[in-house]
Amino acid sequence: MTSHATERRSRRHRRDLRWSPYAFVAPFFAFFLAFGLFPLLYTGWASLHRVELTAPTEMEWVGLRNFSRLLHDDFFWNALRNTVTIGLMSTVPQLLIALGLAHLLHHRLRGSAFFRVAVLTPYATSVAAATLVFALLFGRDYGMINWVLGLAGFDAVDWQNGQWTSQLAVSTIVIWRWTGYNALIYLAAMQAIPRDLYESAELDGASRLRQFVHVTVPSLRHTILFTCVVSTIGATQLFGEPLLFNGAAGATGGADHQYQTLGLYLYEQGWVNLHLGRASAIAWAMFLLLLVVGAVNWLIARRLGKST
């Protein structure tokens, strides 16, 4: 009797060892299928049809017409240009500042633990709260930025209605929110750099700046590439900041669409104009654009791997 019970427990134990890992990962795959793969496939199918959000089950096959219309859509190309310019204006300063902050935090600094937490605070702040605060700061009549410019003798700037000023303001919000996040990524990578490299540089008489340029930056090439790709993906999907920057403009991105991004244009087509098929085509255009970014990342990473 005891031997049979022992044998049953042994079988249950073997089954548990075999199937438990699958049970643990099953919830992830279930959520991925429901909220990841299915929406992706359905969006691709909808992009080939004329379908309205008011009647999502009534589809009319149009093939690639939604995509061909994008090639002649001035608003789409305007949104793409705005996405690229805002992405460059936010990503380049953001990563440079993050690299400098990480360098400061990497060396012994009084209260470094406090500063490491402080730089991450903007990332933890709600995008809605941050954007509304910056919208007040960049206000034309009573904003603090224009007040400071007035003290310096400059005229007030209409930040929300200018082409470059509005994009600069939106980029500033992105820089403020994500600089600390990237700084901590760089800091973690710096801490993995062998100390022997810095000691050798010191023996050769290299200053702190030369150590940063010739030791730290080359050792962070893969990390810098990673943050560039992630920041590019985030810039391509930029939505909350331009949407809330001027609440009256909504999804149009200003009176002249001067800071309407691809994310805003997708939202305008799908949830304002109710053209779900066109919005799906825009979503897939963004997806293909990200695939290009991923391919470029792979090529650069491969080249860096060969060089090292």
Any donor-acceptor pair under 3.5 Å linking the side chain of T83 with the backbone of L262? yes
Taking every heavy atom of A34 against every heavy atom of F38, the minimum-distance pair comes out as O-CB, 4.0 Å
- Item | Within 6.0 angstrom of F212 CZ, more than 12 heavy atoms from elsewhere | yes
- Task: Keeping the roles fixed (side chain from Q269, backbone from Y265), state whether a donor-acceptor pair exists under 3.5 Å.
- Result: no
Side chain to side chain donor-acceptor pair (under 3.5 Å) filter on H257, not counting sequence neighbours, yields Q260
Is R278 salt-bridged to E268, cutoff N-O under 4.0 Å?
no
**OP:** Please examine the side chains of T179 and L95, heavy atoms only from C-beta on, and report whether any two atoms are closer than 4.5 Å.
**Re:** no
Are F35 and Y42 connected in the hydrophobic side-chain network, where two residues link if heavy atoms are under 4.5 Å apart?
-> no
**Asked** Are side-chain N/O atoms of Q191 and H106 paired as donor and acceptor at under 3.5 Å?
**Response** no
* R50 versus M59: any side-chain heavy-atom pair under 4.5 Å? -> no
All heavy atoms of A235 vs all of G87, minimum pair found to be CB-CA, 3.7 Å
Within a strict 4.5 Å, meaning less than it, do heavy atoms of the Q237 and L290 side chains meet?
yes
Evaluate the criterion side chain to side chain contact (heavy atoms under 4.5 Å, CB included) for residue pair W77 and L71; output intermediate values, then yes/no.
CA-CA 8 Å; W77 291 109; L71 298 177; 4.2 Å; yes
| Is a donor on one side and an acceptor on the other found under 3.5 Å between the side chain of T131 and the backbone of A128? | no
Please lay out, stage by stage, how Q211 and T216 fare under the test side chain to side chain contact (heavy atoms under 4.5 Å, CB included). CA-CA 7 Å; Q211 292 178 32; T216 304; 5.6 Å; no
L132 and L244 have their tightest heavy-atom pair at CD2-O, 4.2 Å
* Asked: Can you check whether T165 reaches D158 side chain to side chain, under 4.5 Å on heavy atoms?
  -> no
Residues passing the ring pair (Phe, Tyr, Trp, His ring centres under 6.0 Å) test with W178, sequence neighbours excluded, are Y123, Y181
With clusters defined by side-chain heavy atoms of hydrophobic residues (ILVMFWY) lying less than 4.5 Å apart, directly or transitively, does V157 cluster with V133? yes
Across all chains, not counting sequence neighbours, the ring pair (Phe, Tyr, Trp, His ring centres under 6.0 Å) partners of Y198 are none
Between the CG atom in L209 and the NE2 atom in H214, the distance rounded to the nearest 0.5 Å is 8.0 Å
When rounded to the nearest 0.5 Å, the distance separating OG of S90 from CD of E241 is 9.0 Å
Checking E202 side chain against S200 main chain: does a donor-acceptor pair fall under 3.5 Å? no
With sequence neighbours left out, the residues meeting side chain to side chain contact (heavy atoms under 4.5 Å, CB included) with L64 are L48, F67
| query | Is it true that a side-chain atom of Q258 and a backbone atom of Q160 form a donor plus acceptor pair closer than 3.5 Å? | reply | yes
Taking every heavy atom of H49 against every heavy atom of N66, the minimum-distance pair comes out as O-ND2, 2.9 Å
Rounded to the nearest 0.5 angstrom, the OG1-CG distance for T91 and L96 is 10.5 Å
Q | Flag, side chain of T85 to backbone of N82, donor-acceptor distance under 3.5 Å | A | yes
#### Entry: Verdict with supporting geometry, V229 and I233, side chain to side chain contact (heavy atoms under 4.5 Å, CB included)
CA-CA 6 Å; V229 173; I233 294 174; 4.1 Å; yes
Quick one: are R177 and V127 in side-chain contact, heavy atoms under 4.5 Å? yes
- prompt: Between L99 and I300, is there a shared hydrophobic cluster once you connect ILVMFWY residues whose side-chain heavy atoms come closer than 4.5 Å?
  reply: no
dist W176:CH2 -> T172:OG1 (nearest 0.5 Å) comes out at 12.5 Å
Across all chains, not counting sequence neighbours, the ring pair (Phe, Tyr, Trp, His ring centres under 6.0 Å) partners of F138 are W159
Check your understanding: Is the shortest heavy-atom distance from the side chain of V272 to the side chain of Y267 under 4.5 Å?
Key -> yes
d(R65 CZ, S47 OG) to nearest 0.5 Å is 13.5 Å
Between P93 and L88, the two heavy atoms sitting closest are CD-O, 3.7 Å
Could you check T43 against W284 for side chain to side chain contact (heavy atoms under 4.5 Å, CB included), going step by step and ending with a plain yes or no?
-> CA-CA 8 Å; T43 302; W284 267 83; 3.7 Å; yes
When rounded to the nearest 0.5 Å, the distance separating CG of L220 from CG of L187 is 10.0 Å
The ring pair (Phe, Tyr, Trp, His ring centres under 6.0 Å) partners of Y22 (sequence neighbours excluded) come to W19
**Asked** When you look at CG of D155, are more than 12 heavy atoms from neighbouring residues, nucleotides or ligands closer to it than 6.0 Å?
**Response** no
Exercise. So, T223 side chain and A189 main chain: donor-acceptor pair closer than 3.5 Å or not?
Worked result: no
All heavy atoms of N146 vs all of R140, minimum pair found to be ND2-O, 2.9 Å
* Same cluster for L276 and L266 if Ile/Leu/Val/Met/Phe/Trp/Tyr side chains link at under 4.5 Å? -> yes
Can you confirm whether or not the ring centre of F245 sits under 6.0 Å from the ring centre of Y259? yes
| message | Taking M190 as the starting point, is it possible to reach L105 by hopping between hydrophobic residues whose side chains are less than 4.5 Å apart? | response | no
L288 and V292, any side-chain heavy atoms less than 4.5 Å apart: no
Any side-chain heavy atom of Y186 sitting closer than 4.5 Å to one from H103?
no
